[in-house]
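First the structure, in the form of structure tokens, and then the observations on it.
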Amino acid sequence: MKRWVIAGLLLLVTMINYTDRMTLSVLVGDIRANLSLSETDYSQVISLFLVAYAIMYAGSGYIVDRLGTRLGMAFFVFTWSISQMLHGAARGKWGLGLCRFFLGLTEPGSFPAATKAVGEWFSPAERGIGVGIFNAGSSLGAAVAAPLAAWLGIRYGWRAAFVFTGALGLVWLLLWLTIYSPGPIVHKTNERANWRRVLASRECLLLILARFLSDPVIYFIVFWFPAYLAKERGFDLKKIGEFAWIPYVFGDVGYVFGGWLSSRFMKLGKNVGKSRKIAMGLGAALLPLAIFAPLAPTASIAIAVTCVIVLGHAIWIANLMTLPTDLFPPWEVGTAAGLSGMGGAIGGALANLATGYVVSHYAYMPMFIWAGVMHPLAFLLIWRYLSVPEVVNNHSLQ
């Protein structure tokens, strides 16, 4: 029973994580007007977040492996909550950028910590569901961020919105420190993570490359979809708050369904590797529909297409993020998860700079075309070159 309580806590912290990072994109209109930021300025501020995110994603998993799941998660949640609250004091582009940089340094640590927690509390057959549940928090956070941040911005101003959303993490932290303890599926060992060995492994390099290609697509939706609705579909802040959350409901479904799907394939007799890969392939197959979003004759159809994009990515990532628990021993799961996430953050930073340039000089159409092809390409690499043991490495089950 406790493992499901832990899964609920992980869902909640991921939800807060995404609410915090999404607050900026929801309130971007008011913030740009108040701080006199251009679209290029905005893309540079986001890129500062993503560069810091990439830097610390690489190291956060190693920190979690060394501190342990409980303290590692606590450290990152506390520091990112303070960083989020400091956004409310920003006075210009570089002040906002500095706050964003510190948020980027502190937010990624919760993901390898959550993956490690799932490895400690869930058996291999259930890990996909566990990872899917906590990842569903990202869509819940994105869904909640739009109406919550819009309401706070309209009623109290954009600065107060950052203070309030940042404080949510501190409340969660009290629950985590009270409830969490090492799970029953823990291997007692003196082994320590060797990040050089992990990074040099074929498995980790493929995970890094897969996330480098596919993660930027969801970053594009998270950071630019509200701006797309404003620029291309004429939405004001109130309307963005009413509609921008809808695709993330489909993300919630996709994360849990994707994790359940691979577990279902295992129960039907398929090995772990094939189960993960088939589920990932089904998710990736939905992404080419992204090409049709900007061609949609109405905003409603464009939002519907975006729902499918988010659904497909959620099915994909629920299984991709589970793979470190299948491929690495427990003392290196956090390190492998962090390094693979680094690939996604680097890809996101580069793609974001490209997005700022493209939408300023042209339109959103080229970015939606790009979003439609990345997941199928990443899937081909995983299917062809990544080998998962017929029987999962059971270090953590001893």
Considering all heavy atoms, the nearest Phe212-Ile346 contact | CE1-CG2, 3.9 Å
Residues Gly312 and Leu286: closest non-hydrogen pair is CA-CD1, 3.8 Å
Residue pairs involving residues 374-383 (criterion side-chain hydrogen bond (donor to acceptor under 3.5 Å, both in side chains); sequence neighbours excluded) = His313-His375
Is it true that the NZ or CZ of Arg100 lies under 6.0 Å from the centre of Phe49's six-membered ring and within 45 degrees of the ring axis?
-> yes
Over 60° means perpendicular and under 30° means parallel, so classify the ring planes of Phe220 and Trp370, tilted if in between.
-> perpendicular
Atom pairs and distances, side-chain donor-acceptor, residues 358-369, under 3.5 Å, sequence neighbours left out:
unit_1, atom_1, unit_2, atom_2, d
Ser360, OG, Glu39, OE1, 3.3
Ser360, OG, Gly356, O, 2.7
His361, ND1, Tyr357, O, 2.9

Asp41 (side chain) donor-acceptor with Ser38 (main chain) under 3.5 angstrom = yes
Please tell me if the side chains of Leu10 and Ile6 come closer than 4.5 Å, counting only heavy atoms from C-beta onward.
-> yes
Find out whether Glu126 and Val118 are in side-chain contact, i.e. whether some heavy atom of one side chain is under 4.5 Å from a heavy atom of the other.
-> no
Listed pairs under 3.5 Å, donor-acceptor, residues 73-86 side chains, sequence neighbours left out:
unit_1, atom_1, unit_2, atom_2, d
Thr79, OG1, Phe75, O, 2.9
Thr79, OG1, Phe76, O, 3.1
Trp80, NE1, Asp20, OD2, 2.7
Ser81, OG, Val77, O, 2.8
Ser83, OG, Thr79, O, 2.9
Gln84, NE2, Asp20, O, 3.1
Gln84, NE2, Thr165, OG1, 2.9

Distance-only side-chain donor-acceptor flag, Ser138 / Tyr255, under 3.5 Å | yes
What closest approach, in Å, do Ala117 and Thr69 show between heavy atoms, and which atom pair accounts for it?
-> CB-CG2, 3.7 Å
